[in-house]
Amino acid sequence: MSRSVRRRHARSREPRGHWRLLALTLPLVFVALLFEGWTIHEVDAAKSRIPCTRPAPRAVDESGPVLRRISGDDVKSSAMPARTVALTFDGGPDPVWTPRLLDLLREHQAHATFFLFGAQAARHPQLVRRILDEGHEIGSNTYTGADLGSSSRVRAAMELTLTQKTLAGSAGIRTSLLRMPMTTQVDTLCGAEWTAARRAAADGYVLVAADRPDRDPAYGMVRQFSQTDLAYQETKDLLGNRHADRFTTVTDALRMPPADTHVSTAERWQGKALIWTATAGHAFTNAMTWVLLALGLLGVLRLVMLTVFARAHVRRLTRLRPGAPWLREVNAPVTVLVPAYNEEAGIESTVHSLLASTHPYLEVIVIDDGSTDQTADLATWIDDPRVRVIRQPNSGKAAALNTGLAQASYDVVVMVDADTVFEPDALYRLIQPLAHPAVGAVSGNTKVGNRRGLLGRWQHLEYVFGFNLDRRMFEVLECMPTVPGAIGAFRRDALMGVGGVSEDTLAEDTDLTMALWRAGWRVVYEESAIAWTEVPTSLRQLWRQRYRWCYGTLQAMWKHRGAVLEVGTAGRFARRGLTYLTLFQVCLPLIAPVIDLFALYGALFSDPVQSLGIWLAFLVIQLICAGYALRLDGEKLRALWSMPFQIFVYRQLMYLVVIQSVFAFLGGTRLKWHRMQRSGTAADQQLRQPTAPRELSSR
């Protein structure tokens, strides 16, 4: 990367609008969840009716089923004239039974009053309009069918108001008729129901109850039906009753003013906005329910796959032991490239660990990339003829590696980060898979050295359970996407064949690995080649590191997207590896905030026990898989105690990194290099704890 390009990168400002978008989107999603939960009585629930502690007032008990005016306990009511039946249907509109009932009424030239749920009317506005177009009448049955007597004052008011707005948006009307849910005859308007009825009457509603179902139509009656197959049959039977001459609406039977009045244009648009919002929220929550189910199954499937393929990887290693004729021992001399920029804290430890290698045939080339500290001097002062130091102006890591590659003396090249400490046998073990002529690169096993704090333990678990277990699976599936910069071995001719280390992306290691696959080389994992690296010790440093990794990986994926259509090794790698990265490292983190909101909603409003049970079940599966990964890597299981706490900070940080990276990538932001502040603690764990002898694996 040229200096002018790097200066442009450094000056580029990262887009901030997506954080405002996220800050707006998540509250909107949570409000949509709350509203959907409110409609199904999970939020501010009013599921059951409160038993009456006192009977209905005498004036109500002795009145007709239509309460036209209520003043205190005084009621003005009406009953149907003789041989007149007011057909009323509660709930709905129902997409199945409402059309059938309308057809039945038209066949008998009868009319009825439909008391609708606002929530259902919002989902089926065309049925609301059909009811009106065919001469029927509409009343309110509240928005969700909540019992008004047991509802809070806020919920009761919203039940009525939202229904009116929905009717305004769907048909341009408001109604003066109300049937209170869970009431039948007037004597059911007792206790809390009577209090709610008086409030509704004060708002201008005419309350409509019903007569007893066994009342003779010859005396006139208000008949109450639901919208079901049984109601359809009973309506059909009633329409054929010879004791009734007229089947009509409530207001028409009593010669009252029409219940439906037209609303203003502004009210109509407000109602339309409510309908659109409710429809979108309902569709979104339903879709997310299925998405979350699918993602949960995918998450479990991924954990199972990691474990199964890790086991397959172990079996493969136990079958392929050194000594087979085609698995010759590799003792070729090695060139180790150590790019360094301001790495004075750890450069000496890194170089000394390489010089202490049990593989004696090596040269170490330290490429100082314009450091402003003593990095180059410290490397130069190491008194060993196998060490060379090359100084160059600051040009970036990829340019530094290419400089070293041009100076390499040997055909096997190992690339090492300047904060990494090798175990004595790591170099020897790392190059053994190159015995196979098809292998062009080998990934080593990177372990966290500074793992004392909680953040260090989290990263330790991620390296063992995430990165290393992934690499075992990637090798079995032949789709290893990254040979880490901390420890990787390459054939020099393979590197030269792909043009060296590309400067096109910030994840030069991922870019290089993908290029090798496309060139027809295999990339494998040598878990016994262990190097200790220093990880960030603050959330800010971790953010900067992972942001660069993720952004660079996106660049590399986009650069090599064409491999999906290729055949052979390249196509197999792309269709497996790129698909896996897209699904689990891009798409899943992008919707992770919504998953957290659903989990929070479930814990607060839906079913806390069920939500906790699902979380614990998934955690147990993770712990089992993580324990297996630790066992494979020869690590102690006591680190597992910190895993449950990852969900509160670490997980959120990781998916926010992905969100930031995706938006920056889509926005064309040129990201500058983020360098971590080193403290030289890469070998803390190695020095504190002896490593058990390991058996050499080979391909």
Side-chain angles (χ1 to χ4, degrees), residues 56 60-69 75-94 96-117 127-128 130-141 173 175-189 197 205-260:
V60 176
D61 199 20
E62 296 177 353
S63 69
V66 181
L67 308 184
R68 303 176 65 171
R69 191 183 72 212
V75 176
K76 180 180 179 181
S77 65
S78 301
M80 295 297 107
R83 303 185 69 83
T84 299
V85 176
L87 296 171
T88 63
F89 298 95
D90 291 358
D94 182 86
V96 175
W97 290 106
T98 299
R100 295 185 183 183
L101 288 169
L102 290 172
D103 292 341
L104 179 64
L105 293 171
R106 182 172 53 196
E107 179 184 339
H108 289 81
Q109 297 183 348
H111 293 95
T113 302
F114 288 80
F115 290 94
L116 304 181
F117 292 151
L127 288 179
V128 179
R130 180 182 170 184
I131 290 171
L132 289 176
D133 291 343
E134 296 188 8
H136 305 289
E137 184 173 61
I138 289 177
S140 172
N141 203 196
I173 64 164
T175 182
S176 59
L177 298 182
L178 171 66
R179 171 163 287 156
M180 294 176 58
M182 304 184 192
T183 61
T184 51
Q185 292 82 45
V186 290
D187 60 357
T188 60
L189 295 174
Y205 284 98
V206 174
L207 275 69
V208 181
D211 291 296
R212 294 176 61 85
D214 56 359
R215 182 179 173 89
D216 192 335
Y219 299 108
M221 66 182 301
V222 177
R223 184 63 197 275
Q224 181 181 23
F225 293 107
S226 57
Q227 297 193 37
T228 62
D229 53 349
L230 179 61
Y232 178 88
Q233 189 58 49
E234 290 180 345
T235 302
K236 187 175 183 179
D237 294 341
L238 182 59
L239 289 170
N241 193 305
R242 297 182 178 181
H243 293 172
D245 298 330
R246 190 177 179 213
F247 297 92
T248 187
T249 65
V250 171
T251 57
D252 182 58
L254 299 177
R255 303 189 182 280
M256 294 170 55
D260 309 326

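Computed from heavy atoms alone, side chains included, the values below leave out hydrogens, waters and symmetry copies. For the single chain, residues carry numbers from 1 onward in sequence order.
Proximity of Pro213 to Arg223: side-chain heavy atoms (C-beta onward) are separated by under 4.5 Å at one or more points. In this structure, Val66 and Met80 have side chains that are in contact, with non-hydrogen atoms separated by less than 4.5 Å. Contact annotation: the side chain of Arg179 approaches that of Val222 to within less than 4.5 Å [non-hydrogen atoms, C-beta and beyond]. Using a 4.5 Å heavy-atom cutoff, the side chains of Ile131 and Thr98 are in contact. A 4.5 Å side-chain heavy-atom check between Val206 and Val250 finds every atom pair outside the cut-off. Side-chain contact between Thr251 and Pro257: absent, with no pair of heavy atoms (C-beta onward) separated by less than 4.5 Å. Residues Leu105 and Phe247 have side chains not in contact (no heavy-atom distance under 4.5 Å, counting atoms from C-beta outward). Taking the side chain as every heavy atom from C-beta outward, Phe115 and Gln224 never approach each other to under 4.5 Å.
Summarising the geometry, atom CD1 belonging to Ile138 is positioned 10.5 Å from atom CG belonging to Leu177; distances are rounded to the nearest 0.5 Å. With values rounded to the nearest 0.5 angstrom, Arg246 atom CZ is found 10.5 Å from His111 atom NE2. Taking CG of Leu254 as the reference point, atom CZ of Arg68 lies at 6.0 Å (rounded to 0.5 Å). Note that CD of Gln185 and CZ of Arg215 are 11.0 Å apart. Values are rounded to the nearest 0.5 Å. Put simply, CG on Asp94 and CG on Leu101 are 8.5 Å apart, with the number rounded to the nearest 0.5 Å. Interatomic distance, CZ of Phe225 versus CG of Leu238, reported as 5.0 Å (0.5 Å rounding).
Relative orientation of the Tyr232 and Trp97 rings is tilted, given thresholds of 30° and 60° on the angle between their planes.
The two residues His136 and Ala110 have their closest heavy-atom pair at CE1-O, 3.5 Å. Closest of all the heavy-atom pairs between Pro99 and Val96 is CD-O, 3.5 Å. Across all non-hydrogen atoms, the minimal contact from Glu137 to Ala259 is OE2-CB, 3.5 Å. Taking each heavy atom of Asp245 and Arg83 in turn, the nearest pair found is OD2-NE, 2.7 Å. Contact between Thr249 and Ala112 at its shortest, heavy atoms only, is CG2-O, 3.3 Å. Considering every non-hydrogen atom in both Ala79 and Gly64, the closest pair reads CB-CA, 4.3 Å.
For the side-chain contact (heavy atoms from CB on, under 4.5 Å) with Met221, the lone residue among Asp216, Leu87, Val85 that qualifies is Val85.
A salt bridge does not link Asp229 with Lys236: none of the charged nitrogens is closer than 4.0 Å to a carboxylate oxygen. Between Arg212 and Asp187, no side-chain nitrogen of the basic residue sits less than 4.0 Å from a carboxylate oxygen of the acidic one, so the salt-bridge criterion is not met.
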Just do the side chain to side chain contact (heavy atoms under 4.5 Å, CB included) check on Thr113 and Val208 with the steps written out, would you? CA-CA 10 Å; Thr113 302; Val208 181; over 6 Å; no
Is there a side chain to side chain contact (heavy atoms under 4.5 Å, CB included) between Leu67 and Ser77? Walk through the geometry before answering. CA-CA 4 Å; Leu67 308 184; Ser77 65; 3.9 Å; yes
Applying side chain to side chain contact (heavy atoms under 4.5 Å, CB included), run through Phe89 and Thr235 and close with a yes or a no. CA-CA 10 Å; Phe89 298 95; Thr235 302; 3.4 Å; yes
Take Arg130 and Asp133 through the salt bridge (Lys or Arg N to Asp or Glu O under 4.0 Å) test and state the conclusion after the steps. CA-CA 5 Å; Arg130 180 182 170 184; Asp133 291 343; over 6 Å; no
One pair to check against side chain to side chain contact (heavy atoms under 4.5 Å, CB included): Leu116 and Asn141. What are the steps and the verdict? CA-CA 5 Å; Leu116 304 181; Asn141 203 196; 5.7 Å; no
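Between the Thr188 side chain and the Thr183 main chain, no donor and acceptor come within less than 3.5 Å of each other.
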